[in-house]
Number of protein chains: 2
Amino acid sequence: MRKRRATLKDVAELVGVHVSTVSRALNPETRHLITASIAQKIAAASRALDYRPNSAAYSLRTNRTRIIGVVVPDITNSIFPPIIRGVEDALAEHGYATLVINTDGRTEREATVIEALASRGVDGLVVASVERDDHTVRQLAAFGTAIVTVNRRIDDLSISSVTNDEEDGVRMMLTHLASLGHKNIVSLAGSQNFSTGQRRQTAFLDHAGKVGISTDPSLTVFSNGFNENAGERCMEEVLARRTDFTAVLCANDRLAIGAIAALRRGGLLCPTDISVTGFNDMAMVDRIDPPLTTIRIQQHRVGYAAAELLYEQMRDRTRTHAPRHVIMPVELVVRGSTAPPPRTSAAAAGPRARVRV
Amino acid sequence: MRKRRATLKDVAELVGVHVSTVSRALNPETRHLITASIAQKIAAASRALDYRPNSAAYSLRTNRTRIIGVVVPDITNSIFPPIIRGVEDALAEHGYATLVINTDGRTEREATVIEALASRGVDGLVVASVERDDHTVRQLAAFGTAIVTVNRRIDDLSISSVTNDEEDGVRMMLTHLASLGHKNIVSLAGSQNFSTGQRRQTAFLDHAGKVGISTDPSLTVFSNGFNENAGERCMEEVLARRTDFTAVLCANDRLAIGAIAALRRGGLLCPTDISVTGFNDMAMVDRIDPPLTTIRIQQHRVGYAAAELLYEQMRDRTRTHAPRHVIMPVELVVRGSTAPPPRTSAAAAGPRARVRV
DNA sequence: AAATTTTTTGCAATCGATTGCACCCTATCG
DNA sequence: CGATAGGGTGCAATCGATTGCAAAAAATTT
């Protein structure tokens, strides 16, 4: 028994004018073409009938859907929801809705899901899943699609992005660890296919020298995943290699959580034996054991800013927009997972560290 | 420079048939009307031109968008993303996309955002934000909208829902606490405006008697929020009232986390002095300090099941569907936040418990 | 072989809004 | 007072697909 929604025609008939007049009267851009008194009547009638524009008809005619797509690796990874909210909050103001899609970190799937979004006719894309050399994204941009990457970016900077100041984050963290007295620091680096992983590792190497920290390659381990399991495996790998380090700088919080677990299983306590640091300041890392020292990124703002860049592009689709790159400042948050190195370094503890390799 | 997408007309011209023929050939439901060989040619041409149906045109004509709306209180609350993924996974199979909207727990906003979804023409709604007496949702259902509530439900059961077995969860938890030797247990109950809060509290009272646990009203405190801050405040309130309890059964994990923090500030350690339990088994509660004993709900499956119910409703909008209510089984997960009560009960510890009121 | 049925295809209306163009009416000017 | 300008409105095409109905073609029956 669903009642039919009122259409422009219904409003037109009620007022006694043509639909085109109603259309113009209801559109703020064209309202000035209509006699004020008639426009008022139309507004009243439209309210009386509870008229809502049919978005399918609008889209068909104008070729705009007022929907944007957001592509993330996985919405259950708690780093992303705040970013998504940032995007939504920025674009809701302009009447856009947001379609979120997960790639589950599978590169092939990115192409598929983006294609699905495109066929739904989204007006633009915010991509959080982008790889440093992302073919799909570059192709879309070349094709004229409004697109912005967030949190990560592509190498050639041809596509607008909003990212965090990874370099500054790593610098602050290294400075913090150095000031505590750490000399041998493991870099548990993230996948180098992502700008985050790559920039953080580069920053590590760049800055380590300056503060007198070893950059010996055997102190770096690369993870391909960005999650706890990957963190555990990498940490075990390092422990099997050497044990003369006193801190682990992880490319993100989840790796850090995994690393702490692996250390614990190996008989090493954080922060007593080994300090561990994260990156991102995900929700809840202040409540874990030990509370994580990490770099806080402005998750909501990053999303918001990305949406603003996107909006600029969508507003005028004819012009080619020079890519813009926003880098958001980050903040060091010191908690319980970092402490001065033990008097007798972990190396001296020898056997203990070898319990499990 | 964006290239125009191919339309039915383009395909028709390439093959040399009428658009209606192409339309029928491409639709599995009507393909049997078309000569097989022609259908083949059409399929080939459509592939060659990379034809994608224009969803605006489809929607306009059929009055279906193949989009469903999911209304949640807040996507950054990590209980919801897995549910959302469940919904998405179930409906993606049928070609639906999912528009997620946050109400931020504000009842007025629910009406607004649902209205926004409706005007976008969503084919159905999954509502996770529903209150026990939700006017908006009931009205929509009466209006003929396909709608299912998830995680929560409305009192009169007139609307299909997928929820968890709250009663069984509380029963298992109480049994667990009783078997450890707890007698005086605080119920840190959630808002009674939600079915979750209400059912869990009712189950607490129902079952407490049976296992010899006090149901004195002064052992219950009601929270209005469902988050850590609310948990802290409520816990403080209880501590000010009495201290002769040895366990706190919280209506959800976030309240439990807040409760633990408040106890700690009050000089009481969990689980040594007081055991604390949660509900939901949110991500990360296994990593916090102490790891939380809680009830695991099948977040993904709950979402998936809700989507399946919704799909049934959407498949045939003419029929009125009798509401169905699915209750998913839950599981007790014992971790570090529960232990036997101390020999000398917290009450004996007297002053310590009163450090902060 | 004619008549009838069945299958296959095309025609054209339709969904609801936007928008270039033409028209009409009023106001202004010569 | 007639011509002209210009503001306000209506007309009708259009976006791309779906679908009831009619027509054409093929198959079947008499």
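What you see is a predicted model, and the numbers here were worked out from it, not measured in a lab.
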TODO: State the CG-CG distance between Asp123(B) and Leu91(B), to the nearest 0.5 angstrom.
DONE: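 Spacing of CG (Asp123(B)) from CG (Leu91(B)) equals 10.0 Å.
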In whole Å, what is the span from the [atom1] atom of [X] to the [atom2] atom of [N]?
{"X": "Glu13(B)", "N": "dG10(C)", "atom1": "CD", "atom2": "C1'", "result": "15 Å"}
{"X": "Ile42(B)", "N": "dT8(C)", "atom1": "CD1", "atom2": "P", "result": "13 Å"}
{"X": "Asn27(B)", "N": "dG20(D)", "atom1": "CG", "atom2": "P", "result": "12 Å"}
{"X": "His18(B)", "N": "dT8(C)", "atom1": "NE2", "atom2": "P", "result": "19 Å"}
{"X": "Leu60(A)", "N": "dT19(C)", "atom1": "CG", "atom2": "P", "result": "12 Å"}
{"X": "Glu29(A)", "N": "dT19(C)", "atom1": "CD", "atom2": "C1'", "result": "13 Å"}
{"X": "Asn63(A)", "N": "dA17(C)", "atom1": "CG", "atom2": "C1'", "result": "14 Å"}
{"X": "Arg31(B)", "N": "dT19(D)", "atom1": "CZ", "atom2": "C1'", "result": "17 Å"}

A side-chain contact here means heavy atoms from C-beta on lying under 4.5 Å apart; do [X] and [Y] qualify?
{"X": "Ile154(B)", "Y": "Glu131(B)", "answer": "no"}
{"X": "Arg301(B)", "Y": "Val162(B)", "answer": "no"}
{"X": "Glu308(A)", "Y": "Tyr311(A)", "answer": "no"}
{"X": "Met314(A)", "Y": "His94(A)", "answer": "no"}

Among side-chain atoms of [X] and [Y], is any donor-acceptor pair under 3.5 angstrom?
{"X": "Tyr51(B)", "Y": "Arg5(B)", "result": "no"}
{"X": "Gln299(A)", "Y": "Asn151(A)", "result": "no"}
{"X": "Ser129(A)", "Y": "Glu110(A)", "result": "yes"}

Open item on the list: Quiz question: going by heavy-atom distance under 3.5 Å, is there a donor-acceptor pair between the base of dG16(C) and the side chain of Arg52(A)?
Closed with: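 No.
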Task: Under 3.5 Å donor-acceptor pair, Arg5(A) side-chain atoms to dG16(C) base atoms - done: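 No.
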- [ ] For dT19(D), take OP1 and OP2 only and decide whether either is under 4.0 Å from a side-chain N or O of Tyr58(B).
- [x]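 So the side-chain polar atoms of Tyr58(B) never come under 4.0 Å of the phosphate oxygens OP1 or OP2 of dT19(D).
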- [ ] Please list residues of residues 32-39 of chain A whose heavy atoms come under 4.0 Å from any atom in DNA chain C, ordered by number; otherwise none.
- [x]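 Going residue by residue through residues 32-39 of chain A, none turns out to have a heavy atom under 4.0 Å of DNA chain C.
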Open item on the list: Here's one to test your reading of the geometry: is the NZ or CZ of Arg152(B) within 45 degrees of the ring axis of Phe194(B) and under 6.0 Å from its centre?
Closed with: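 Yes, Arg152(B) lies over the aromatic ring of Phe194(B).
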Open item on the list: Classify Ser20(B) by what it touches in the nucleic acid, base, sugar-phosphate, or nothing, heavy-atom distance under 4.0 Å.
Closed with: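 Touches a base.
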Open item on the list: Take N1-N3 plus N6-O4 or O6-N4 for Watson-Crick, N1-O2 plus O6-N3 for G-U, both under 3.5 Å. Which runs of 3 or more such pairs involve DNA chain D?
Closed with: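 Stem list for DNA chain D: C:1-30 with D:1-30.
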Out of [options], whichever nucleotide has its closest atom nearest the side chain of [X]:
{"X": "Asn54(B)", "options": "dT9(D), dT19(D), dG16(D)", "result": "dG16(D)"}
{"X": "Thr7(A)", "options": "dG16(C), dG10(D), dC11(C)", "result": "dG16(C)"}
{"X": "Val17(A)", "options": "dA17(D), dC21(D), dG10(D)", "result": "dG10(D)"}

Task: Donor-acceptor contact below 3.5 Å, side chain Thr145(A) vs main chain Leu140(A) - done: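 Yes; judged by distance alone, with no hydrogens or angles, the pair exists.
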